[in-house]
Amino acid sequence: MNNRRVIVKVPASTANLGPGFDTLGMALSLYSWVELSAAERTEFRLYGEQMDGLPKDKSNLIYKVAQLVFNEAGVELPELSISMYSEIPLARGLGSSASAIVGALVAANALIGGPLSDDKLFQMATELEGHPDNVGASIFGGIVVSAWDGKQADYVKIAPHRKLETLVAIPAFQLATEKARHALPKQVSMSDAVFNVGRSSLLVAALASGELNLIGQAMRDRLHQPYRAALIPGMSAILDQATGHGALGAALSGAGPTLIAFVSADCPDKDGLERFLLQTLKQEGIEAETLWLPPCGHGPQITVEDAAKERAVPLMDRIKGEITA
Ligand code: HSE
């Protein structure tokens, strides 16, 4: 019998950062927790409203992803006790599904002694999610630049600049990634492609070198945001005007509807920027919540316990001091 009990805390993520569609991601300080142990019979404790309606049987994503890890490692562990809580809002562009996939992969791997490398878990996560941007940020933390050809994902991690802060405005409505991807054209013009190659390259260089003053120009995009604008009323005004209200730059977070502003720690009027985001959305009839979410510099934090010796503490009691949202 496997006696381990594993608790994994996984960061949320923002993808694209404007021009880096399906390529750039950054981990944010908002989290999901997954707890796994071997059991006599599979059982679930899913806490919080984010988990409402999720299956509590072997069709559950966490269960299925854990079994992929065991298969890959040649280990049999068919019955699991699974607990999960997430403070990452669903279908808002903050990587909730990526964090669940990463939580399951990392927890299952730790449960069997960590036979799979982080890179292997990244490959599996990319395949499951269909693009590497959110999962890369959740696995490695920081800013992750990645490219996937359908078989192999390669990446470089950049540590977020110490003065880089992020403000998100999370609209009260959900937007399915599938719907937001469906709004995109099948083909783009050469001039738009060149526009994005330039901006995305400049953004990566600016983030890596700390030339934060270039971010406003570098976050511009022509590949996805213009096509998604109709799904997020107020978005275009925010992207056009955020720098005039003190942001370094602004983008749609992932597939949306959350909007993210990059802000320097030196910004003199952070409250004014926050008001601008909220009022612009409100004028379009959209209620939203703003959160200052520092970039998260690290990937999942893993706790491994001996379940035979250490008493099980319910997941919510264990993490209640850490929940921010
Ligand atoms: N790169 C993805 C997109 C992120 O923009 O559709 C959301 O999953």
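Along the sequence shown, residues are numbered consecutively beginning with 1. Whatever order the structure lists them in is the order used to number ligands and atoms, beginning at 1.
Side-chain contact of S86 with Q50: a donor-acceptor pair under 3.5 Å is absent, judged by distance alone.
Considering only heavy atoms from C-beta on, V145 comes within 4.5 Å of I158 through its side chain.
Enumerated by chain and number, the residues approaching ligand 1 to less than 4.0 Å through a heavy atom are A15, N16, F21, D22, H131, D133, N134, T177, R181, R228, G254, A255.
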Could you pull out every donor-acceptor pair under 3.5 Å between side chains of residues 163-179 and any protein atom, sequence neighbours left out?
unit_1, atom_1, unit_2, atom_2, d
K163, NZ, D266, OD2, 3.0
E165, OE1, K270, NZ, 2.8
T166, OG1, L293, O, 2.3

Mind listing the side-chain donor-acceptor pairs of residues 235-248 below 3.5 Å, one per line with the distance, residues two or more places apart or on another chain?
unit_1, atom_1, unit_2, atom_2, d
H245, ND1, Q241, O, 3.1

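Listed by chain and number, the residues in a side chain to side chain donor-acceptor pair (under 3.5 Å) with N213 amount to none (sequence neighbours excluded).
Nearest heavy-atom pair across P257 and I232 is O-CG2, 3.8 Å.
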